[in-house]
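Every heavy atom of this structure was used, including side-chain atoms; hydrogens, water molecules and symmetry mates were not.
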Amino acid sequence: MKTVMEGSHAVAEAVKLARVQVISAYPITPQTHIVERLSEYCADGSLDAKFLRVESEHSAMAALIGASSTGVRTFTATSSQGLALMHELLHWASGARLPIVMAEVNRAMAPGWNIWTDQTDSLSQRDTGWIQIYCEDGQEALDRTLQAFRLAESVNLPAMVILDAFFLSHTYEPVDIPDQAKVDEFLPPYEPKFLLDPGNPCAFNQLAPPDVYMEMRFSIQTAMQSAIGVLEEIQNDFSEIFERSYGSIEPVECDDADIILVTSGTVTSTCKEVIEKLRSAGEKVGLLKISLFRPFPGEAVRKVLSRTRKVAVVDRNCSFGSGGIFAQEIRSALCNVPDHPLVYGYVAGLGGRDITPELLEDIYWQTKNTDFPELDSFWMGIREVKDGIICSGS
Amino acid sequence: MELSVPDREFMYSGHVACPGCGAAIAMRFVLKALGEKIIMVIPACCWSIIAGPYPMSTLRVPVLHTAFETGGSVASGIKAALEVRGDHETTVVTWAGDGGTFDIGFQALSGAVERNEDFIYICYDNEAYMNTGIQRSSSTPYGAWTTTTPGQDWKKMRKKNIVEALVAHRIRYAATANIAFPEDLINKVKKAKNMKGSRFIHIFSTCPTGWRVPSEMSIKIARMAVQTNIFPLYEVENGVEYTINYRPKGYLVKEYFKLQGRFSHLTEEDLDQIQEMVEEDWKLLLRKAGVFSGS
Ligand SMILES: Cc1ncc(C[n+]2csc(CCOP(=O)(O)OP(=O)(O)O)c2C)c(N)n1
Ligand SMILES: [Mg+2]
């Protein structure tokens, strides 16, 4: 049944359908609608879960670490400052191999205060051992949340389902809410591989000296890498049951393209229109949407991109001193391919600034008309600022 | 008097505490009192090491080692999960040091107690960050040397009163205990186990290494902390009902201070001043307990 709803509420529906058992969360714009809706479901009994209203995001994640270690399915949601506050515990969750699922609504990091979309918050957590899946629309947010539980529980790693602030979290769209019976078929009850149990007393997460620590980390890396294949199987199951299909990446018109734009999140929808327009004007352009960022689907990305001449990566994020983060990943996936395409990085739309069709077209033309890319990402639409901070040496 | 210390043991030999470690003694008594059906949360502290490296554990109960500041929050999650799983019997117990309790974990503890989470929080207090090499905490007493309060910079602030801070939350049960008074300690742990809601036990635990005392003095020094009124034994129910469990015999605090290297720099005047501070604190406690004829 299709219902018009916010992206936030699509996530809440998925969490309810997943029969999550313990939720713990703390309010922050623009994530709050997710947990408000879940609070209502817990209060009216339509979701039989314990909801812990803790005093910080740090405690929200810590509480889920406790709950997940005790063998139940868990969920939380946050954004920017809240995610940053959780940082230490993000490592803890993956190191303890707990399949916690979190919705992360991309919001710019302060200062200055900015509640609008920007991926730097979640991408700053790329090395924490969390699976990261970026969503394009409300339907994908719902579907990916369901998939995230199955994926996380299959490989025993935590997973983040990531939504653009407002453009996705607060935008109303028709979303198909699947039947509970079908979801139950897709996502059986959580069966923990280990748990805290007075009947079988074990110690978890204790001192791990150099002779064991490295193997523990290697097993995380192995599990992460295996998640690419596992997600493929899950996506196959998913499309059989729900008749909607997803990949870790989604190529559009890439087969004969000379230039391929790479996007993630809601920009993808805008870019699809731009591709159509440019194609009808005779331009050989394609689009590659990246959904799975961790683990990075390097093989699949190589297959699509190595045939083209130029790649233009749109990054709504920045690693200061290096550049766009997706561009870095694409470059490192391609650098060992002989005669690999040139990779152009573009930083755009930070702090919620609009990424318009015109801006994406500009990116296309600039890529086409520039023989060689700069090492740094190019910042799109930067206005000239007088009287900026004068730094020594300048 | 007949001792009411149970024979059962939940601590294996082979732990790696220093000789005379009060925290090891405290753990042994606490586990005896708690029995089998518990899950223990240990945030970063000396006990993260004492319990032994992977794949060994000196404790015969399930243990979740966690981040330093998460004693209150991780326990809340475990309790929620147990409830969801239909286990209403297992007691969740957090075991944390003074740093993890008074300082970095205070927010999570305060939050858990405000929500009246159904768990027991035990703080073994060795009055500094010992795991990392004797740095001051807000539990370090006035007058003490630590590696971050060296020389003439010895600590000039009072010890934070953690029990009173939690009593202000109207916590279901808060009590002080001491490794030199095992029956009292065990009775309090048992009493706490039979209650619901948030319960806090503050155990005075000598650290011979950090306090610069011989290990064989561990119990004697802990006993003197009570006898001198530096660490009174008392309990508070529901934030209002005070019971003082031990009436001091009037020992002077300097007897306690003079045994410990961490106080060796203090002058007679300093000690007199500390004597006054201790008396002031004791009178305040008596007032709260509704006893006005205090010594
Ligand atoms: C966030 C964080 N900061 C610092 C540390 C380092 N650290 C580990 S244990 C500890 C001191 C613990 O002190 P306390 O809680 O009093 O326990 P004790 O070591 O005295 O038993 C510190 C500072 C840490 N593990 N985590
Ligand atoms: Mg300590």
Side-chain angles (χ1 to χ4, degrees), chain A residues 19-24 26 48-74 76 86-93 95-96 98 100 192 194-213 215-216, chain B residues 10 16 34-44 47-85 87 89-92 94 105 107-115 117 119:
Chain A
R19 301 183 189 278
V20 163
Q21 294 162 290
V22 173
I23 299 168
S24 181
Y26 192 79
D48 185 17
K50 285 252 169 208
F51 196 123
L52 286 163
R53 283 115 186 145
V54 287
E55 85 303 326
S56 69
E57 288 88 352
H58 191 283
S59 286
M61 186 48 62
L64 294 192
I65 286 167
S68 187
S69 303
T70 314
V72 300
R73 188 171 282 161
T74 58
T76 189
M86 286 179 183
H87 176 76
E88 180 196 11
L89 299 174
L90 298 182
H91 283 281
W92 204 277
L98 301 172
I100 296 167
F194 56 86
L195 80 170
L196 290 164
D197 174 11
N200 176 29
C202 297
F204 297 118
N205 313 331
Q206 77 232 79
L207 186 71
D211 63 329
V212 292
Y213 183 86
E215 282 70 22
M216 289 174 176
Chain B
F10 292 92
V16 294
L34 286 171
E36 229 138 43
K37 280 225 118 194
I38 71 162
I39 290 175
M40 185 166 264
V41 178
I42 305 186
W47 256 100
S48 312
I49 312 299
I50 298 172
Y54 175 88
M56 293 172 283
S57 180
T58 193
L59 301 176
R60 207 155 59 79
V61 293
V63 177
L64 191 65
H65 292 272
T66 67
F68 195 11
E69 61 289 347
T70 60
S73 44
V74 166
S76 304
I78 293 176
K79 183 62 197 177
L82 287 173
E83 290 285 321
V84 168
R85 295 176 65 89
D87 177 348
E89 274 176 44
T90 299
T91 305
V92 180
T94 295
Q107 172 180 326
L109 171 60
S110 171
V113 172
E114 182 269 333
R115 295 190 302 275
E117 297 285 353
F119 79 127

Chain A heavy atoms under 4.5 Å from [X]: which part of the residue, side chain, backbone, both or neither?
X: E36(B); answer: backbone
X: S48(B); answer: backbone
X: M56(B); answer: backbone
X: I38(B); answer: backbone
X: A108(B); answer: both

Which pair of non-hydrogen atoms, one from [X] and one from [Y], has the smallest distance, and what is that distance?
X: T66(B); Y: W92(A); result: CA-CZ2, 3.1 Å
X: R85(B); Y: P192(A); result: NH1-CG, 4.4 Å
X: G66(A); Y: I78(B); result: O-CG1, 3.3 Å
X: H58(A); Y: T70(B); result: CE1-CG2, 3.7 Å
X: L89(A); Y: A67(B); result: CD2-CB, 3.6 Å
X: A62(A); Y: S73(B); result: CB-OG, 3.1 Å

What part of [X] lies closer than 4.5 angstrom to a heavy atom of chain B: side chain, backbone, both or neither?
X: S24(A); value: neither
X: V22(A); value: side chain
X: Q206(A); value: both

Contact winner vs chain A - [options], heavy-atom pairs under 4.5 Å:
options: K79(B), Q107(B), M40(B); value: Q107(B)
options: S76(B), S57(B), A81(B), G72(B); value: A81(B)
options: I39(B), V61(B), V63(B); value: V63(B)

Most chain B-contacting option - heavy-atom pairs closer than 4.5 Å, from [options]:
options: L207(A), L64(A), D48(A); result: L207(A)
options: M61(A), M216(A), K50(A); result: K50(A)
options: G71(A), P209(A), A67(A); result: A67(A)
options: V212(A), N200(A), T74(A), D211(A); result: V212(A)
options: P201(A), S56(A), G199(A); result: P201(A)

Give a yes or no on whether Y54(B) atom OH has more than 12 heavy-atom contacts from other residues, nucleotides or ligands under 6.0 Å away.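 Count not over threshold, so no.
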Would you find more than 12 non-hydrogen atoms of other residues, nucleotides or ligands less than 6.0 Å from F194(A) atom CZ?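 Yes, the 6.0 Å shell around CZ holds more than 12 heavy atoms from other groups.
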Do E117(B) and L52(A) come close enough that some side-chain heavy atom pair is under 4.5 Å?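 Yes, their side chains come closer than 4.5 Å.
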Output the distance between atom CG (L64(B)) and atom CG (L196(A)), rounded to the nearest 0.5 Å.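 Result: 5.0 Å between the selected atoms.
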